[in-house]
Structure formats: C-alpha cells, structure tokens
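Only heavy atoms go into these numbers, but all of them, side chains included; no hydrogens, no water, no symmetry mates.
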Amino acid sequence: MLSGLHTLWAAPAARERAVSRSDQSKKGVQGWDEQINNYARKIVTMPSACDSLIDDIEDMVSTSDPTPQERQQSRRSVVPRARKRNTQETTEVLQADSVIPGMQKIWMRTWGCSHNNSDGEYMAGQLAASGYKMTDNPEEADLWLLNSCTVKNPAEDHFRNSIKKAQEQDKKVVLAGCVVQAQPRMDYLKGLSIIGVQQIDRVVEVVDEAIKGHSVRLLGQKKDNGKRLGGARLDLPKIRKNPLIEIISINTGCLNACTYCKTKHARGDLASYPIEELVDRAIQSFKEGVCEIWLTSEDTGAYGKDIGTDLPTLLWRLVEVIPEGAMLRLGMTNPPYILEHLEEMAKILNHPRVYAFLHVPVQSASDSVLMDMKREYCADDFRRVVHFLKDRVPGITIATDIICGFPGETDADFQETCNLVKEFRFPSLFINQFYPRPGTSAAKMDQVPAQVKKQRTKELSALFHSYNPYDQKMGETQHVLVTEESFDAQYFVAHNKYYEQVLVPKRSEFKGKMIEVNVYETGKHFLKGRPLSDSKLFTASLSRPLQKGEVSGLAQVTSPKVGA
C-alpha cells in the first residue's frame, strides 16, 4: 500500500523528467497518466484489514505451489553444472595439483666430517617425520638429497658427479652442505634447490617445493636479536646413522682464518650452543638407547668463547649425565685453544666415562709453513700439548692431520714434519695432499708441483705404515664398548678407554654393551679381543635403542599437536 502511494507521489516529477529527457509526444504522456490512474484505482478498491479473506501470510501461497519441504527436497536433487574451461589450462592445473609432497621416497648421501653427518641425520629425521620415506636405494628414490663437503677437491668432484647422475636419471635434486653454502652461484648449481648449513630445520619446505618442480634457496644465518646462533635447534627429529651413537654439534664455525680452508666460507665465525641445550640433547639421546656421544664442530676447543663460557665447563656438565657404561668422545680441537685448558682437559680425559682420545691437527711441523697457513701456533706449541697430555693422561691417543705440499713448502719443511711423526709415532694420522680450494688465499700462492705433492704424500704414508703402535697391547685385558659392525661384516667393532679399535666376535648380545676382553692379536689399525668367559655384559642404555631408520625425538615434536 505504502509503496503504491509512494509511486503516485513520485509520478509527476518522474513524468516531467521523462518529458524533458526524451521529448515525448502529448499522446505518450496521456497514456502514461491513464496507466497511473488505473493502478491507483486498484489500490483504493483493496479490502480493508477488517474484511480481509487472508488470515495468515501463508494463505497467499496457492494450493498448487510446492510446500517448503518440497522446495528443500528439490534443492538436494539439484546437480550443479560444470563451467566449461580451456582444456589445455585444465590439464596443466591438474598435473601440478596431482603432485602431493610428503609421499615420495628420498635418498640422501653425505660427504665429509661428523658435523656434516649430524646435519644429515637431522634432515633425514625431519623428512621422515613429515611423511617422506628415506631409502638406501638411489634408483627407487624420487628425490636425491646431496649433502656436500668442501674440504677437498675430490669430495666436491664426487658431489658434482652425483648431481649430474641424478639429472641424467630425471631425479628431483636438493643440495645441502658446505659446497653450496660457500659457492651457491657455481654454474653446475644453477636452477637447483639449496638448503644452507644453518637452515636444515627447513629442509621439509625445500623438498616440498622441489617435488613440485620449483627451485628454492635458503642460505640465511640463524640470529637472535642480531647475534648469530649455532644453527638449527638441537631437539629436532633425526635418524641416527648408528642408533647407538649420538653426534652433537656443540658449535659451528671457528675463530681462525686459515688460508687453505674453504669450510670457513661456509660455516663462518664461531657460534656456540648454550650448555643447557647441549646437556638436554645428551639426556634425550641416552633415554633413546644411545651409549656413546661424539662432540663435534669445526673447533671444539674454541667452544663458548662467544657466549662467555668454555669447553671444560661444558664437559664437566656433560659427564654428570652420562650413565655408567656409556662413553663420551671429544672432537677435533686446534692447538691455540686447547693450550688454555691443558690442566682441566687432562682431568676430564682421565674420567672413566670419557675416552682418553683427542684429535689435534698439526698440519705441518715447519713454523714458516704454519705462518703461511695462518695457524696461529708454532710446532713447539703442538709439542707442548702432546707432551703434557701424554704425561698427565697415561695411554692417551693423540690423532693428528698433516697437509703435504702446501704452497711454499720446501724439502726441509717437509723433513721437519717427518721428524715430528717419527718423534710421536701417532697411532692415528690423517695425511692429506694439498688441494687449492677456489676463493682461498692459498689458491693464489705459488703452488708446489703436483708430482712433488704426490711424492711427499707417498713418503709420509710409508713412514706411517713403518711402525705398529699396538704391539705392546698384546695380552692385555680391556673393557670395551661395542657400537658398530666392521666394514667386512665379520666382526663387531668396540673401543677401549683410549678409543683404539677392538674387533670382537659378532654376537648379537654384545651390541651396545660394555664387555671385558683379552687382546690376542694386533694390527696397524686394530686390536682383536676375545671375550672373557666369566665376564658379565654391562649395558649403559637407559632404554631399548631405536631401530635403524627409526626417528629420534619424534614424540617430543608431535606431542604438542595432539592437544591442539
């Protein structure tokens, strides 16, 4: 009713506007007036509310109209029509959407040091926790995750060849490790996905995108309020290569600037993890059946200098949580930093749950060569470390590294190194032929001829093999911790207090146990032990060790989601 009156009131004005706009004829205007008058008469003759025949608004619905129930039922039977699209576009979208990350098989290869191996274990654990299946068979894998090492040319050559092989087999590829962190713009890395050494906690994101055909690169540094961190969190899921051994990186980077080192370009300056985080990680690993811990980094001796603590402080905290029968092995430390803590280090290395073993690389016994390397110590500093520890830690094993053919090394320099080896008769000696790494200062120096480098490497190797460091061990009774299988699968590998390799019979009950043996044979790199008939097996495990391939720390990561 109101709408009709409103129409009548508005009609004259509307009519005037219409006339002015279209210049209608008089006849047209009269026709419009007639229509309005007819409409008004209909409104006036409508029944009032008193005599209305309509009792309810529902009565306005005809008996022939569908009921509300019938209308609702008809909606359910409606079949929506698909809108036609370009056929080619639809096919492309479906192909992209059909790739669902998290269901593929992944093969991973790691080169290099124990730090790199630890990174690899963390990446494998996160991928497995996300649904990917880790496989030992590269042929059946959908994606290859290649974790590189930049220390030597041969390691990078193997890495480059693996990339080429993956591409020839049409495999998806994700690259990690020191090579890609230090030189991400190398030609053979173009178009490939890269995960940086401090970004391993985001490996799932990178693999997801690589599976979908995208190229992603994450190379940033972990920081907290502008301060560089040691890297990804230590409580991430991981798959230990050996379920009995936990590798813990206590810091990344170093304080040195060695002229030959490419790893510094990748790992950067020193950044240490807090002691509490490292202790928590050790406790967790023991709860998962681990019986041996390796501490690793580019330089364990420098630990804590960036956060106001030091290596002995960390080690004393760790030995408090090591269960009886389990052992701790220290990683590599350079001479300048171990010199500061010789007294405390000797006490720690004598602890019954710490291997009396230390890896201290000398690289050369020539002070002029050490100066060119910028090693920040002299040969006598190294001798002081070795003599002190041998005197205070009877039987200690000192392992060292030597580089043959560093730029500028003379025959006299090399002879000094040979004399050092004769003096200490190192039971473990890593001999490396010098390789100029791109981007390092040493690569720009005058190089020693390749043939001379090879000859010196051969000569030093012959000197090392000329003595047997374990002859005096024959007939000894030793307690050894069994953790591995020998390369030829004929024995189990155990280590005594001095981290000397002892081969024992391959009996399943020995794995992960501390046993007592009698040494009946010695070799250049090993001892062989016969278990004593009356000795009891001792296990350090606080629980059943994880199975090979089982994910560590998964419960801690997923439990918060359960209650979410």
Side-chain angles (χ1 to χ4, degrees), residues 110-123 146-152 155-156 159 175-186 189 194-203 206 216-234 236 247-275 277-278 295-311 314 331-334 336-337 361 363 373-376 401 435-444:
T110 294
W111 292 266
C113 64
S114 54
H115 194 165
N116 242 27
N117 277 278
S118 177
D119 288 351
E121 291 181 348
Y122 275 121
M123 289 191 284
L146 305 176
N147 189 18
S148 62
C149 173
T150 191
V151 171
K152 303 178 186 177
E156 184 171 348
F159 173 62
L175 309 177
C178 293
V179 170
V180 297
Q181 181 74 54
Q183 298 173 284
R185 294 182 178 84
M186 293 290 286
L189 303 178
I194 290 176
I195 182 82
V197 294
Q198 286 212 325
Q199 297 291 331
I200 60 171
D201 55 339
R202 300 182 66 184
V203 66
V206 177
V216 181
R217 295 191 169 201
L218 293 179
L219 294 165
Q221 301 292 325
K222 297 287 185 188
K223 293 184 178 180
D224 181 16
N225 294 323
K227 181 176 175 58
R228 186 167 176 267
L229 300 177
R233 298 194 333 265
L234 293 174
L236 293 170
I247 305 173
I248 302 179
S249 170
I250 63 175
N251 56 264
T252 190
C254 67
L255 295 174
N256 289 8
C258 301
T259 56
Y260 57 84
C261 184
K262 190 70 176 177
T263 305
K264 175 79 174 203
H265 295 193
R267 300 283 183 178
D269 292 328
L270 179 70
S272 304
Y273 285 99
I275 288 178
E277 292 183 19
L278 296 166
L295 299 186
T296 185
S297 76
E298 282 65 56
D299 188 349
T300 58
Y303 170 80
K305 286 186 171 291
D306 57 320
I307 58 174
T309 187
D310 54 39
L311 180 63
L314 168 65
M332 186 272 289
T333 176
N334 285 312
Y337 307 110
Q363 306 300 7
M373 291 179 173
K374 288 192 176 179
R375 291 291 287 169
E376 300 182 5
D401 299 359
Y435 291 97
R437 303 298 291 129
T440 62
S441 300
K444 303 173 184 177

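Side chain of Tyr303 to main chain of Tyr273: a donor-acceptor pair is present (N/O by atom type, distance under 3.5 Å, no hydrogens or angles). Formation of a donor-acceptor pair under 3.5 Å by the Gln181 side chain with backbone atoms of Leu219 is found in this model. Thr333 places a side-chain N or O within 3.5 Å of a backbone atom of Gly301 that can act as its donor or acceptor partner. The backbone N or O of Ala232 sits nowhere less than 3.5 Å from a side-chain atom of Asp201 that would complete a donor-acceptor pair. The backbone N or O of Cys258 lies less than 3.5 Å from no partner atom in the side chain of Lys264, so there is not a single donor-acceptor pair. Put simply, the side chain of Lys262 gets close to the backbone of Pro438: a donor and an acceptor are under 3.5 Å apart. Remark: side-chain polar atoms of Tyr260 are not paired, donor with acceptor, to backbone N or O of Val151 under 3.5 angstrom. Asn116 places a side-chain N or O within 3.5 Å of a backbone atom of Ser148 that can act as its donor or acceptor partner. The backbone N or O of Ser249 lies less than 3.5 Å from no partner atom in the side chain of Thr296, so there is not a single donor-acceptor pair. Remark: side-chain polar atoms of Asp401 are not paired, donor with acceptor, to backbone N or O of Gln363 under 3.5 angstrom.
Atom-to-atom distance recorded for Ile195:CD1 and Arg202:CZ is 7.5 Å, nearest 0.5 angstrom. Note that CG of Leu314 and CD1 of Ile275 are 5.5 Å apart. Values are rounded to the nearest 0.5 Å. If you take CD on Glu298 and SG on Cys113, they are separated by 6.0 Å, rounding to the nearest 0.5 Å. Rounded to the nearest 0.5 angstrom, Ile250 CD1 and Ser118 OG are separated by 11.5 Å. For the atom pair CG (Asn147) and OH (Tyr122), the distance works out to 14.0 Å, reported to the nearest 0.5 Å. For the atom pair CG of Leu236 and CD of Glu121, the computed distance is 12.5 Å after rounding to the nearest 0.5 Å.
Residues Asp119 and Val197 approach most closely at OD2-O, 4.3 Å, considering heavy atoms. Heavy atoms only, all atoms of each residue included: Asn251 and His115 are closest at O-CE1, 3.7 Å. Of all heavy-atom pairs spanning Tyr435 and Lys152, the tightest one is CD1-CB, 4.3 Å. Smallest separation of non-hydrogen atoms from His265 and Ala182: CB-CB, 3.9 Å. Minimum heavy-atom separation, Ala443 to Arg437: CB-O, 3.4 Å. Annotation for Cys178 and Ala266: closest pair O-CB, 3.4 Å, computed over non-hydrogen atoms.
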Review point. Which is it for Phe159 and Thr150 under the side-chain contact (heavy atoms from CB on, under 4.5 Å) test, yes or no, and what are the steps along the way?
Key: CA-CA 10 Å; Phe159 173 62; Thr150 191; over 6 Å; no
Review point. Between Leu189 and Val180, is a side-chain contact (heavy atoms from CB on, under 4.5 Å) present by the stated rule, with each step listed?
Key: CA-CA 8 Å; Leu189 303 178; Val180 297; 4.0 Å; yes
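Residues Arg375 and Pro361 form a side-chain contact, since some pair of their non-hydrogen atoms from C-beta on lies under 4.5 Å apart.
A side-chain donor from one of Ser272 and Asp306 sits under 3.5 Å from a side-chain acceptor of the other.
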